[in-house]
Amino acid sequence: MLLEINDVHVHYHKVAALKGIDMEVPDDGIVTIIGANGAGKSTTLRAISGLVGISKGAIVFAGKRIDGLAPEKIVALGIAHVPEGRRVFPGLTVEENLRTGAFLRHDHTEVAKDLDEVFQHFPRLKERRKQWARSLSGGEQQMLAIGRALMSRPKMLVLDEPSMGLSPVMVQEIARIVRDIVHRGVPVVLVEQNAELALRLARFAYVLETGSIALQGPAHELHDNAHIRRAYLGG
């Protein structure tokens, strides 16, 4: 397994956000985490990326224990995190935003090649490469956030609510982009409030409820699960 989360607990002060979760992510495909607001989905991603400390357990990536490492060291090991809300740098251009994703790299020729590849992958960003990020639509900012993450040459991509606030047409475009990333050999951990979309995209799924894993299994099986359909898929 590329990523192993073993008995991980996270507390915010005295409040338990994660209560001993176990997860595995293989080196291909999409693993999704679904659940209600406050279930611990984003906390799980933040724990993987080192943005929040764990109070118990272990997180192992590519055979190396990473809990306790600084976020930049986790990025250097190959985990790129696209946070909820996109969080691009509004006062930088599209190209400058993308180049920030390669801030730990010193292989300038390869960075230039990767920038060209991102522009091939996202032709809309190429058209807007000199525009301020603040001038982009929500969907374009989401593309920019994903492209910026890819500039780090990740071994795994962590996506938090990529469809949030987007039009139905743009949601389908983001879904296509995520599939394409996986087909290029980068596995994805996906947190997505749109459970229908998440279960269509993913190979395996975990359902979080109040900080614990309530259900897990192949995504297509959970899609047909009566409890999942009632709770997350509108019946």
Side-chain angles (χ1 to χ4, degrees), residues 1-4 25-31 45-46 48-51 59-137 139-160 162 173-191 201 203:
M1 286 291 165
L2 182 62
L3 178 74
E4 298 174 74
V25 178
D27 57 7
D28 62 349
I30 300 172
V31 171
L45 300 192
R46 290 170 61 82
I48 293 169
S49 300
L51 298 172
I59 303 175
V60 178
F61 178 71
K64 178 181 177 64
R65 187 163 175 178
I66 62 171
D67 54 279
L69 294 182
E72 62 270 21
K73 292 186 177 180
I74 293 175
V75 172
L77 288 172
I79 298 177
H81 186 163
V82 180
E84 179 183 348
R86 300 176 275 278
R87 299 184 193 175
V88 300
F89 298 108
L92 298 181
T93 67
V94 166
E95 182 171 336
E96 288 168 341
N97 266 274
L98 291 172
R99 289 186 179 277
T100 66
F103 75 101
L104 291 176
R105 297 174 57 185
H106 305 288
D107 49 340
H108 301 298
T109 301
E110 293 301 307
V111 167
K113 288 181 181 178
D114 287 347
L115 183 63
D116 287 340
E117 186 171 331
V118 167
F119 283 144
Q120 291 173 23
H121 198 63
F122 302 98
R124 205 172 307 183
L125 296 184
K126 185 175 183 179
E127 295 170 5
R128 292 158 172 74
R129 64 190 299 170
K130 299 303 182 184
Q131 287 185 216
W132 302 118
R134 70 166 67 93
S135 71
L136 302 181
S137 69
E140 290 165 346
Q141 289 189 15
Q142 186 65 69
M143 292 179 188
L144 179 56
I146 294 172
R148 182 179 61 190
L150 293 176
M151 286 296 294
S152 69
R153 279 200 178 175
K155 297 175 184 174
M156 185 179 79
L157 188 62
V158 175
L159 290 175
D160 195 354
E173 177 68 7
I174 295 299
R176 182 196 63 76
I177 289 167
V178 172
R179 287 192 188 98
D180 191 35
I181 290 168
V182 172
H183 290 158
R184 293 178 182 225
V186 180
V188 172
V189 181
L190 172 66
V191 159
L201 288 173
R203 176 181 300 176

Between [Y] and [X], is there a side-chain heavy-atom distance shorter than 4.5 Å?
X: Leu159; Y: Val189; value: no
X: Pro162; Y: Leu190; value: yes
X: Pro26; Y: Val31; value: yes
X: Met143; Y: His121; value: no
X: Met156; Y: Ile48; value: yes
X: Val94; Y: Leu136; value: yes
X: Thr93; Y: Asn97; value: no

**OP:** Could you please spell out the steps behind the side-chain contact (heavy atoms from CB on, under 4.5 Å) verdict for Phe122 and Leu98?
**Re:** CA-CA 12 Å; Phe122 302 98; Leu98 291 172; over 6 Å; no

About how many Å separate [atom2] of [Y] and [atom1] of [X], when rounded to the nearest 0.5 Å?
X: Arg124; Y: Leu144; atom1: CZ; atom2: CG; answer: 12.5 Å
X: Ile66; Y: Leu3; atom1: CD1; atom2: CG; answer: 6.0 Å
X: Trp132; Y: Glu96; atom1: CH2; atom2: CD; answer: 6.5 Å
X: Arg184; Y: Arg179; atom1: CZ; atom2: CZ; answer: 15.0 Å
X: Gln141; Y: Leu125; atom1: CD; atom2: CG; answer: 10.5 Å
X: Glu72; Y: Ser49; atom1: CD; atom2: OG; answer: 12.0 Å

**OP:** Would you please say whether a donor-acceptor pair under 3.5 Å links the side chains of His81 and Arg46?
**Re:** no

Subject >> Main-chain N/O of Met151 paired with Arg105 side-chain donor or acceptor, under 3.5 Å >> reply: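 Here the side-chain-to-backbone pair exists.
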
Subject >> Donor-acceptor pair, side chain of Asp180 and main chain of Arg176, under 3.5 angstrom >> reply: no

Can you name the nearest heavy-atom pair linking [X] to [Y], along with the distance?
X: Ala133; Y: Val88; result: CB-CG2, 3.9 Å
X: Pro154; Y: Ala80; result: CB-CB, 3.7 Å
X: Ile30; Y: Leu201; result: CD1-O, 3.6 Å
X: Lys155; Y: Phe61; result: CB-CZ, 3.9 Å

Original post:
Hey, mind stepping through Asp28 and Arg203 against salt bridge (charged side-chain N to carboxylate O under 4.0 Å, His left out) and telling me if it holds?
Top reply: CA-CA 9 Å; Asp28 62 349; Arg203 176 181 300 176; 3.0 Å; yes

Suppose we screen for side-chain contact (heavy atoms from CB on, under 4.5 Å). Which residues come up paired with [X], at least two apart in sequence or across chains?
X: Val75; result: Leu104, Ser152
X: Arg99; result: Glu95, Val111, Leu115
X: Thr100; result: Phe89, Leu92, Arg148

**OP:** Only counting residues at least two apart or in another chain, list the ones meeting side chain to side chain donor-acceptor pair (under 3.5 Å) with Asp116.
**Re:**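 Scan of Asp116 (side chain to side chain donor-acceptor pair (under 3.5 Å), adjacent residues dropped) gives none.
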
**OP:** Give every residue pair that meets the side-chain hydrogen bond (donor to acceptor under 3.5 Å, both in side chains) criterion with at least one member in residues 59-70, sequence neighbours excluded.
**Re:**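 Sorted pair list: Arg65-Asp67.
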
**OP:** Return the set of residues passing salt bridge (charged side-chain N to carboxylate O under 4.0 Å, His left out) with Arg153 (not counting sequence neighbours), or none when no residue passes.
**Re:**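 Partners of Arg153 by the salt bridge (charged side-chain N to carboxylate O under 4.0 Å, His left out) criterion, ordered by chain and then number, come out as Glu110, Asp114.
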
Subject >> Of Val158, Leu157, Asp160, the residue whose pairing with Val82 passes side-chain contact (heavy atoms from CB on, under 4.5 Å) >> reply: Leu157

